[in-house]
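Since the structure comes first, as structure tokens, the remarks are kept for the end.
All figures in this text were calculated on a predicted structure; none of them were measured in a lab.
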Amino acid sequence: MFRPENAFEKIVSLSKRRGFIFQSSEIYGGLGSTWDYGPLGVELKNNVKKAWWQGVVYGREDMEGLDAAIIMNRLVWQYSGHEKTFVDPLVDCKKCRKRFRADHIKGDKCPECGGELTEPRNFNGMFQTHVGPVQDDSGLAYLRPETAQGIFTNFLNVLQSMRRKLPFGIAQIGKSFRNEITPGNFTFRTREFEQMEIEYFCKPPQYLQPGEKTDDQLHQEWVEARYNWYLKLGLSPERLRKRPQAKEELAHYAKACVDLEYLFPGSLGWSELEGVANRQDYDLTAHSNNVPEADLARLKLNRNEHSTEKMEYFDEAWTDPATGKKGVKYIPYVIEPSAGADRATLAFLCEAYEEEQLSRPDEAAIKPLSDSIDAALKNIQKRIAEAAKRPGDEVPNGQQLAAMEKALLSAKEDLPGKLLEIDAACSLPGADRLDLLKKVKLIAGKLGDEHTRAVLKLHPRLAPIKVAVLPLKKNEPRIVEMGKKIKNDLSGHFRAVYDDTAGIGKLYRRQDEVGTPFCLTVDFQSLEDGTVTLRDRDTMQQERVRTEDLIQVIGRKIV
RNA sequence: GCGGGUGUAGUUCAGUGGUAGAACGUCAGCUUCCCAAGCUGAAUAUUGUGGGUUCGAUUCCCAUCACCCGCUCCA
């Protein structure tokens, strides 16, 4: 098993080649930072969303689902604070050309070089549109920049229609839109993206009954629940971490926030998949009328002049210790686990991508490769010596050359077994400028085709295709017929495909590369006794299974 | 938006001031009883887009768009 340095690039190209993710509007030159999910991508992302919904809605007693509109009354964004605070005032340094957020720097000079700054330019991250026939401000609306507000504005509807008591939560999956200044990194930061958000409503600390969990405890429980969800679906604990935000990072209304970060390959590195925040009573108060001055001041909110409701919960269990009066109305606290569906999908893809060498070329086949490596090494060592004499900005520079030398020397120790390492060494920064290394890459690549595989070790629940039916001999009509029948029978239960357009080895590699966990082959024995072989993607081990048991056997393995 | 890089078949890459090649992949046929086997044949690029220089540009120049790396960002 091998995870190359340039895995991210390989995943991008695999995504295109095998139908996971395409650049959007590609035939017109694309549109910045928009991506389309292809036939396998949509299956993968749907499976991620299904697993999330299963985990946070069906798998719990205290959750409801929701699907709110993308375009909402403009007042929602006025009172949520997005019209004001979603604006980033930006300034550029005229001297060193660095860019800063105006509200993050003190004074009017560049904090880096002391140069003069441009006037702040305001940039609202919300996409605008107009509702109705008249394109003026009366119809101004926004595409939602987060799904959360649809949950807050429906709080009372869900509370009443589902007869809920605190604590309970509402989950929603849907598209959101932000006119990011700097998108990038494939589908990691895009202007149109899909969120999986939860607002979990709970009692403020002063109204808790003995034995009930505090907002802090519930917050912590959600952090653990969400962290474990990613682990269960395959992310490695070495590449997933909980990062509590520092006090300075927190929004003024947030009591705490823990980011779940994944270590993506390449320059992306540790990046956020999900934030789990304790937002206290800020959001529901913001959308409420008749809020007492003291609460507005505490949360730094303006009075809401438009809302027709107060987002209150009537708690009949509570008794006022001073008066003995039963029942009290208050605005609940909220814990917000907010995840990115595209980011989760990308993380699962990155985690799943592996390369493996399955066999070793013999000595005769290795000879040209080892010769070409020796020649390349000689050349690299010569360049290292030259670079030491006159250090400059040349590519590759001394450091890059040293990295190539090290990688090649290490791979050389066990050449027949390190084809993947050789290929990776030839993909290091600057390596494409060395002709001798390009030659090595060519030779290693040829051997690699024969002796290695790329495999997506996706959790079976996430895999776009669950099972592929492969006939061992396609010019034997009885085998083909049986294979197609099995595929049809399975299709009612799992996403299944039938493929007979290549030799068995190539068919396996195809399915490996898109993460299909199970392949089954139909052979002559199948005709005799009604069994087929079931091959495991990760171990490549096979077992014989009776066709009538397939649904049960595969079903058990997929859960 | 600023600085650096890139843009040639599905993918990875080559190449030249006289209108493009390879490998892999894909498709069809034959063959094949288990891990990218073989044989035969085929399709696929107005060289990101738009201008300019030139008798002629994919190759030179300009603009634009997209992607990658930084600045930024927090799903």
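Distances shown here put a side-chain N or O of Asn185(A) below 4.0 Å from the OP1 or OP2 atom of C69(B). Contact between the side-chain N/O atoms of Lys16(A) and the OP1/OP2 oxygens of G10(B) is not found at any separation under 4.0 Å. At A75(B), one or more side-chain N or O atoms of Arg178(A) fall inside 4.0 Å of OP1 or OP2 (strictly under the cut-off).
Remark on RNA chain B: of its neighbouring residues Ser33(A) and Gly340(A), the 5'-side contact belongs to Ser33(A), judged by nearest-heavy-atom nucleotide. Mapping Thr533(A) and Gln23(A) onto RNA chain B by nearest heavy atom places Thr533(A) closer to the 5' end of the strand.
If you take CZ on Phe264(A) and CG on Leu346(A), they are separated by 4.5 Å, rounding to the nearest 0.5 Å. To the nearest 0.5 Å, atoms CG (Asp538(A)) and CG (Leu458(A)) are separated by 9.5 Å.
Leu14(A) places its CG atom 12 Å from the C1' atom of G10(B), with the value rounded to the nearest Å. Going from atom CG of Asp536(A) over to atom P of C35(B) covers 16 Å, rounded to whole Å. Between Asp342(A) atom CG and C74(B) atom C1' there is a gap of 15 Å when expressed in whole angstrom units. Look at OH on Tyr28(A): it is 13 Å from P on G50(B), rounded to the nearest Å. Taking atom CZ of Arg191(A) as the reference point, atom C1' of U72(B) lies 12 Å away to the nearest angstrom. C24(B) atom C1' lies 8 Å from atom NZ of Lys446(A), rounded to whole Å. In this structure, the NZ atom of Lys242(A) is 20 Å from the C1' atom of C74(B), given to the nearest Å. Summarising the geometry, the separation between CZ on Phe348(A) and C1' on A75(B) is reported as 14 Å, rounded to the nearest angstrom.
A donor-acceptor contact under 3.5 Å is not formed by the side chain of Arg189(A) with the base of C74(B). One cannot find a donor-acceptor pair under 3.5 Å joining the base of C69(B) and the side-chain atoms of Ser267(A). Between the side chain of Asp523(A) and the base of C34(B), at least one donor-acceptor pair of N or O atoms lies under 3.5 Å. Remark: the Tyr508(A) side chain and the C34(B) base include a donor-acceptor N/O pair separated by less than 3.5 Å.
At the heavy-atom level, Leu470(A) lies nowhere under 4.0 Å from the strands shown. Residue-level contact check: Glu146(A) touches neither bases nor backbone, having no heavy atom under 4.0 Å from any strand.
By the neighbour-count criterion of 12 heavy atoms within 6.0 Å, atom CD of Glu9(A) is sparsely surrounded, having that number or fewer from other residues, nucleotides or ligands.
Ring geometry for Tyr253(A) against Tyr282(A) counts as parallel: the plane angle stays under 30°, on a 0 to 90° scale with 60° as the upper cut.
Nearest to the side chain of Ser338(A), among A75(B), C34(B), C69(B), sits A75(B). The side chain of Asn475(A) has U32(B) as its nearest neighbour among A75(B), C35(B), U32(B).
Between the P atoms of G52(B) and A45(B), the separation comes to 26 Å (whole Å).
Comment: Lys484(A) does not engage Asp500(A) in a salt bridge, judged by the lack of any side-chain N to carboxylate O separation of less than 4.0 angstrom. Using a cut-off of 4.0 Å between Lys/Arg side-chain N and Asp/Glu carboxylate O, Glu197(A) and Arg279(A) are scored as not salt-bridged. Salt-bridge annotation for Asp499(A) and Lys506(A): absent, with no side-chain N of the basic residue lying under 4.0 Å from a carboxylate O of the acidic one. Note on Lys10(A) versus Glu5(A): no salt bridge recorded, every NZ/NE/NH1/NH2 to OD/OE distance being 4.0 Å or above. Ion pairing of Lys242(A) with Glu224(A) is present here, as a side-chain N (NZ or NE/NH1/NH2) and a carboxylate O approach within less than 4.0 Å.
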For nucleotides 36-38 of chain B, print each protein N/O atom paired with a nucleotide N/O atom at under 3.5 Å, atom names and distance only.
unit_1, atom_1, unit_2, atom_2, d
A36(B), OP2, Arg509(A), NH2, 3.2
A36(B), N7, Asp449(A), O, 3.2

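For RNA chain B, each stem of at least three Watson-Crick or G-U pairs (distances under 3.5 Å) is given as range with range: B:1-7 with B:65-71, B:10-13 with B:21-24, B:26-30 with B:38-42, B:48-52 with B:60-64.
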